[in-house]
Colleague: 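First the structure, then my questions, so here it is.
Each ligand, and each atom within it, is numbered from 1 in the order the structure gives.
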Amino acid sequence: METIYLDHAATSPMHPEVVEVMTKAFAQTFGNPSSIHTEGRQARKVLDDARTSLARAIGAKDTEIILTSGGTEADNMAIFGAANMLKSKGKHIITTQVEHHAVLHACEKLEKEGFEVTYLPVDESGRISIEDFKNALREDSILATIMYGNNEIGTVQPIEEIGAILKDHQAVFHTDAVQAFGLEKLNVDDLQVDLLSVSSHKLNGPKGIGFLYQRTGTPLSPTFFGGSQEKKRRAGTENVPAAVGFSKAVEIAQNQMDSKRDQYEKFRSIFIQVLDSESIQYQVNGNEEHSLPHILNISFKGMEVESFLVNLDMSAVYASSGSACTAGSIDPSHVLVAMFGNDSEALRNSIRFSFGLGLTEEIIREAAMRTAKIVQRLAN
Ligand SMILES: Cc1ncc(COP(=O)(O)O)c(C=O)c1O
């Protein structure tokens, strides 16, 4: 049976062109970019070029890009780095109940250190309200960290509106754009964000690399100490081949953004059409209007997520119960709890299908059919 990978929000395979440029970089660009000899200078040039194209993708300057080991590090760097620098101006932070754990657990750690955190609630579509945000904002707020698009249900938050509200406020504005980057047009000036996190492996680049965008002048203390790499903001010898692969992946994603978006919208409707034609009882979770196109989260009436995932796996359809970090565990998703409360059936019967490289309409139809067959067999 042909395997069908529908877990691209957890991670997505490397694009063949990314593998190609990285293979070349591994073989040819081994120098340390901090070395002053020719070998080092060549590596520096390759790294600088990669950084320039990463910066260009979000309308930033090269100096505003801090390469990290991925989205988790970028989120942690933003939150601890800003909180540490601004603590003399206030100790209040605003975030949402539906952030990735890289943000939530960082905020929880800061609470233990004496910061006060407001976790904004969301509606049943997973969206915060601007009114709630305005009400939560205080004179002593120093940081707002609100994700761009949710990794479990795809809901997009009103980032531009929050950026406008914070324009003349002391609070630094961070957004986790890990799921959105590559599928949404992100311009840091339009969004008016100060800090923005991105990860390479979600858009067909290598794992273990990402970046934090830091607007010039935004206070941020370093989290690593050592050499003067990344303008002393993140010490450690740079991973040049990964940076090359990352920038290639971003270049491809930028070129294909519109066609990818259209394709994933189509996949969504095909999947749903098949469920309808097989008379499956389901509910799509998320926001119809404000949504990332590659994430389709569905509750299936009468199903239990663990046995469902095992059966999908046996049918060679690889999906997930939500965030990659909680996959395989029976903990209910904090995102679905925030949307529906503790007692909702959706906590036990929701599956996330996510689209990406290599899929076709035919494959999606087949995946939906296999899913429908399992529901017909198991639903009670
Ligand atoms: C929204 C979001 N933020 C952060 C991360 C963490 O990124 P990384 O896996 O690169 O550490 C993820 C990964 O699942 C994510 O989906």
Side-chain angles (χ1 to χ4, degrees), residues 5-14 18 54 58 65-80 95-109 119 122 126-128 145-157 159 174-184 186 191 193 195-213 223-224 234 239 242-243 245-246 249-250 253 286-287 290-297 318-329 331 333-336 338 352-356:
Y5 184 82
L6 295 183
D7 203 12
H8 292 264
T11 195
S12 201
M14 286 211 285
V18 171
L54 293 173
I58 55 165
I65 301 297
I66 308 169
L67 293 170
T68 66
S69 62
T72 301
E73 189 190 327
D75 284 344
N76 275 255
M77 184 185 274
I79 293 164
F80 291 113
T95 187
T96 79
Q97 291 176 2
V98 296
E99 297 298 309
H100 189 272
H101 284 134
V103 168
L104 282 181
H105 291 167
C107 287
E108 285 160 16
K109 173 81 169 77
Y119 297 89
V122 293
R127 232 173 173 235
I128 59 165
T145 171
I146 315 279
M147 76 195 321
Y148 191 102
N150 187 271
N151 46 300
E152 293 189 38
I153 45 144
T155 299
V156 169
Q157 301 297 346
I159 298 302
H174 167 247
T175 190
D176 173 340
V178 166
Q179 289 294 336
F181 189 49
L183 284 169
E184 296 274 324
L186 302 178
L191 297 173
V193 293
L195 300 164
L196 178 142
S197 307
V198 153
S199 176
S200 150
H201 71 103
K202 308 288 183 182
L203 58 138
N204 313 116
K207 290 170 183 53
I209 188 162
F211 69 72
L212 178 67
Y213 156 77
T223 36
F224 291 180
R234 202 269 190 185
N239 187 342
F246 184 15
V250 170
N287 189 293
H290 305 283
S291 186
L292 299 175
H294 67 305
I295 295 177
L296 178 59
N297 189 305
Y318 306 141
S320 148
S321 62
S323 97
C325 313
T326 51
S329 92
D331 295 345
S333 140
H334 66 284
V335 176
L336 297 174
R352 177 188 71 182
F353 302 95
S354 49
F355 310 133

Colleague: Need the ligand 1 atom indices (1-based, order shown) with element for anything under 4.0 Å from a heavy-atom of S199.
Modeller: 8 (P), 10 (O)
Colleague: Let me see the working for R234 and S69 under side-chain contact (heavy atoms from CB on, under 4.5 Å), right down to the final yes or no.
Modeller: CA-CA 10 Å; R234 202 269 190 185; S69 62; 3.7 Å; yes
Colleague: G126 and I153: which non-hydrogen atoms are nearest, and at how many Å?
Modeller: CA-CD1, 3.9 Å
Colleague: Take T11 and Y5 through the test side-chain contact (heavy atoms from CB on, under 4.5 Å) and record every step on the way to the result.
Modeller: CA-CA 10 Å; T11 195; Y5 184 82; 3.6 Å; yes
Colleague: Report the part of T72 in contact with ligand 1, treating N, CA, C, O as backbone and CB onward as side chain, heavy atoms under 4.0 Å; options are side chain, backbone, both, neither.
Modeller: both
Colleague: Near H201, which atoms of ligand 1 are under 4.0 Å from a heavy atom of that residue?
Modeller: 8 (P), 9 (O), 10 (O)
Colleague: If you count the atoms of ligand 1 from 1 in the order shown, which ones are under 4.0 Å from a heavy atom of D75?
Modeller: 3 (N), 4 (C)
Colleague: Provide the number and element of each atom of ligand 1 under 4.0 Å from a heavy atom of G70.
Modeller: 10 (O)
Colleague: Among K207, M147, H100, which one has a heavy atom closest to atom 5 (C) of ligand 1?
Modeller: H100
Colleague: Would you call K202 a ligand 1 contact, heavy-atom distance under 4.0 Å?
Modeller: yes
Colleague: Indicate whether any N or O donor in one side chain lies under 3.5 Å from an N or O acceptor in the other, for T155 and N150.
Modeller: no
Colleague: For F181 and L196: C-alpha separation, side-chain torsions, deciding distance, then whether side-chain contact (heavy atoms from CB on, under 4.5 Å) applies.
Modeller: CA-CA 10 Å; F181 189 49; L196 178 142; 5.7 Å; no
Colleague: Fit a plane to each ring of H105 and H101, take the angle between them on a 0 to 90° scale, and name the class: parallel (under 30°), tilted (30 to 60°) or perpendicular (over 60°).
Modeller: parallel
